[in-house]
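Computed from a predicted model, the values in this text were never measured in an experiment.
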Amino acid sequence: MTDPTTRPGVGKPRAGDSPAGTSGENPTGTPAEGSAHTPAENPTGTPAEGPVGRRERSIGRLGDRKRARLDELARATADPGGVSLYRDALRRLRRNPVAIVGAVIVGLFVLVAIFAPLIAPHDPVQRFDELTRDLTVDSIPGATAGHPFGSDPLGRDFFSRMIHGSRQTLFVGVLATLIGLTLGVLLGAVAGAFGGWVDVVLMRLTDVMLALPSLLLAITLVAMASRSSQWTVIFAVAIVSVPIFARLLRGSMLAQRESDHVLAARALGVKERNIVLRHMLPNSLTAVIVQATLTFAVAILDAAALSFLGLGDPDINRAEWGLMLGVDGQRYFEVRPELAYYPALAIIVVALGFTLLGEAMREAIDPKNRR
């Protein structure tokens with residue numbers, strides 16, 4: 001009997017068949033040519049790329065692009081030269097024309113107020129013979145050589161008094177804003193830190209103050225004083241701004257109470273006093289500082305209104321825009337209306353400058369107000 005291995009046609013698999021116990025393998029155990037385990041080779045000897053290989057390669061290229069993008073974002077985030085919140089706000093202010101206009105007005109006003117004795121050509125309380133000589137009840141000298149704004153009703157250089165009036169206006173506005181800011185921050189910090197009945201009592205007190213118009217409340221406070229003076233105006237305007245700062249800071253601190261960094265500090269056992277002073281209060285002062293810029297404009301207007309109504313400083317020798325508008329401008333408006341125009345225009349422009357700068361700062365610092 002002939003050995004099957006030597007018989008022709010025996011031992012060779014037919015087309016489409018594979019030996020038992022193997023999956024596309026030769027009897028020697030090596031994968032058969034064209035099986036799923038080994039890719040077919042091109043004539044050049046390299047494996048031929050099928051649909052699965054092309055899909056894997058496209059997925060790999062997509063993954064590489066994603067990894068490159070993530071690496072780029074990581075490098076941008078880890079860049080030590082990153083822009084902080086305040087630097088970003090300053091950059092936005094530089095690009096904002098409204099902020100530039102407001103900053104120019106405020107800067108000029110501050111410079112004129114600081115260097116008023118050097119800029120003013122004459123003493124604001126000195127009377128000049130060339131002005132008093134032509135001074136009558138129905139005639140006040142206008143612009144002349146050496147006196148560009150003419151004379152006031154007492155024969156004094158009106159231009160010099162306008163320049164010195166900027167110093168007085170700045171003094172009243174700064175002191176009133178600082179006093180109101182200090183008291184408001186104190187009340188708001190206490191209410192926001194303790195909460196409970198302390199918060200209820202303080203906030204109801206501020207609600208009563210906010211229920212009255214600011215100017216009416218200031219008039220009431222000045223009228224309660226035995227004698228009106230410059231300091232009564234300052235304190236009246238300061239008290240009017242206290243509830244604004246208090247409620248603003250209290251709201252910011254209540255938002256900070258539930259923030260992640262405050263909760264983490266409590267979990268680590270940090271004392272409540274340190275949490276309030278080092279975490280909650282510093283992160284809540286940004287909005288209050290911006291509000292102080294806007295309040296400065298309101299303080300200037302309220303102080304000028306009190307002086308205009310005759311509730312301010314009674315010293316007629318003191319150069320103050322509100323006093324000049326009320327005493328001189330109102331009394332001699334028909335004779336020489338410029339006595340009212342100049343101080344009124346100065347008050348409007350300065351208040352507008354602080355308002356524009358404050359609104360631009362609020363928009364630059366608070367992301368919710370950005371356009």
**OP:** Among residues two or more places apart or on two chains, list those pairs meeting ring-ring contact (aromatic ring centres under 6.0 Å, His included) that have a residue in residues 292-319.
**Re:** Phe296-Phe354

Subject >> Side-chain donor/acceptor of Ser166 to backbone N/O of Ile163, under 3.5 Å >> reply: yes

**OP:** Kindly determine whether Glu320 and His164 satisfy side chain to side chain contact (heavy atoms under 4.5 Å, CB included), including the steps that lead there.
**Re:** CA-CA 8 Å; Glu320 199 269 322; His164 280 271; over 6 Å; no

**OP:** Using the test side chain to side chain contact (heavy atoms under 4.5 Å, CB included), find all partners of Tyr341 that sit at least two apart in sequence or belong to another chain.
**Re:** Phe333, Pro337

Subject >> Residues in side chain to side chain contact (heavy atoms under 4.5 Å, CB included) contact with Ile219, at least two apart in sequence or another chain >> reply: Leu215, Leu306, Leu309, Leu311

**OP:** Could you tell me which residues satisfy side-chain hydrogen bond (donor to acceptor under 3.5 Å, both in side chains) with Asn317, sequence neighbours excluded, listed by chain and number?
**Re:** Arg156

Original post:
How many angstroms lie between OG1 in Thr169 and CE in Met324, if you round to the nearest 0.5 Å?
Top reply: 9.0 Å

Original post:
Quick check: does any side chain N or O of Ser160 sit under 3.5 Å from a backbone N or O of Asp157, one acting as donor and the other as acceptor?
Top reply: no

**OP:** Answer yes if Leu352 and Met361 sit in the same cluster of Ile, Leu, Val, Met, Phe, Trp and Tyr residues linked by side chain heavy atoms under 4.5 Å apart, and no otherwise.
**Re:** no

Subject >> His147 and Phe158: CA distance, side-chain angles, deciding distance, ring-ring contact (aromatic ring centres under 6.0 Å, His included) verdict >> reply: CA-CA 7 Å; His147 307 284; Phe158 198 69; over 10 Å; no

Subject >> Listed partners of Phe245 passing ring pair (Phe, Tyr, Trp, His ring centres under 6.0 Å), at least two apart >> reply: none

**OP:** Over all heavy atoms of both residues, which pair between Ile347 and Ile300 is shortest? Give the atoms and the distance, please.
**Re:** CG2-CG2, 4.3 Å

Subject >> side chain to side chain contact (heavy atoms under 4.5 Å, CB included) between Glu359 and Leu294, worked out >> reply: CA-CA 8 Å; Glu359 290 292 342; Leu294 299 173; 4.0 Å; yes

**OP:** List for me each residue that meets side chain to side chain contact (heavy atoms under 4.5 Å, CB included) alongside Leu249, sequence neighbours excluded, and say none if there are none.
**Re:** Val185, Ala189, Met253, Leu281, Ser284, Leu285, Val288

Original post:
How long is the span from the CD1 atom in Ile100 to the CZ atom in Arg94, to the nearest 0.5 Å?
Top reply: 10.5 Å

Subject >> Shortest non-hydrogen contact from Gly358 toward Val290 >> reply: O-CG1, 3.5 Å

**OP:** Taking the side chain as every heavy atom from C-beta outward, state whether Ile239 and Leu183 have any pair of such atoms under 4.5 Å apart.
**Re:** yes

Subject >> Residue list, side chain to side chain contact (heavy atoms under 4.5 Å, CB included) with Ser214, at least two apart or on another chain >> reply: Val240, Asp302

**OP:** Say whether Leu221 and Trp231 are linked into one hydrophobic cluster, either directly or through other cluster members, by side-chain heavy-atom distances under 4.5 angstrom.
**Re:** yes

Original post:
Within the side chain of Arg336, is there an N or O that forms a donor-acceptor pair under 3.5 Å with the backbone of Ser151?
Top reply: yes

Original post:
Yes or no on side chain to side chain contact (heavy atoms under 4.5 Å, CB included) for Arg167 and Leu170, after CA distance, side-chain angles and deciding distance?
Top reply: CA-CA 5 Å; Arg167 166 172 286 195; Leu170 179 64; 5.8 Å; no

If you look only at distance, which donor and acceptor atoms sit under 3.5 Å apart when one is on a side chain in residues 104-127 and the other is two or more places apart or in another chain?
{"from": "His122", "atom 1": "NE2", "to": "Gly146", "atom 2": "O", "distance (Å)": "3.1"}
{"from": "Asp123", "atom 1": "OD1", "to": "Val125", "atom 2": "N", "distance (Å)": "3.3"}

Original post:
Short question: side chain of Trp321, backbone of Ala304 - any donor-acceptor pair under 3.5 Å?
Top reply: no

Subject >> Inter-residue atom distance Thr182.OG1 - Leu187.CG, 0.5 Å rounding >> reply: 11.0 Å

**OP:** Check step by step if side chain to side chain contact (heavy atoms under 4.5 Å, CB included) holds for Leu325 and Tyr342.
**Re:** CA-CA 8 Å; Leu325 178 62; Tyr342 292 145; over 6 Å; no

**OP:** State whether the side chain of Ser241 and the backbone N or O of Ala238 hold a donor-acceptor pair below 3.5 Å, judged by distance alone.
**Re:** yes

Original post:
Would Val298 and Leu178 show up in the same hydrophobic cluster when neighbours are defined by side-chain heavy atoms closer than 4.5 Å?
Top reply: no

**OP:** Any chance you could measure Arg318, atom CZ, to Arg161, atom CZ, to the nearest 0.5 Å?
**Re:** 10.5 Å

Subject >> Selection residues 280-297 - residue pairs positive for salt bridge (charged side-chain N to carboxylate O under 4.0 Å, His left out), sequence neighbours left out >> reply: none

Original post:
Should the heavy atoms of other residues, nucleotides or ligands under 6.0 Å from CZ of Arg204 be counted, would the total exceed 12?
Top reply: yes

Subject >> Straight-line distance of Ile289 CD1 to Leu248 CG, nearest 0.5 Å >> reply: 11.0 Å

Original post:
Quick one: hydrophobic cluster around Leu210, which other residues, with the 4.5 Å side-chain cut-off, linked directly or via members?
Top reply: Ile244

Original post:
Going from CG on Leu345 to CD on Glu338, what distance comes out if it is rounded to the nearest 0.5 angstrom?
Top reply: 12.5 Å

**OP:** Only counting residues at least two apart or in another chain, list the ones meeting ring pair (Phe, Tyr, Trp, His ring centres under 6.0 Å) with Phe159.
**Re:** Phe149

Subject >> All side-chain hydrogen bond (donor to acceptor under 3.5 Å, both in side chains) counterparts of Asn96, not counting sequence neighbours >> reply: none

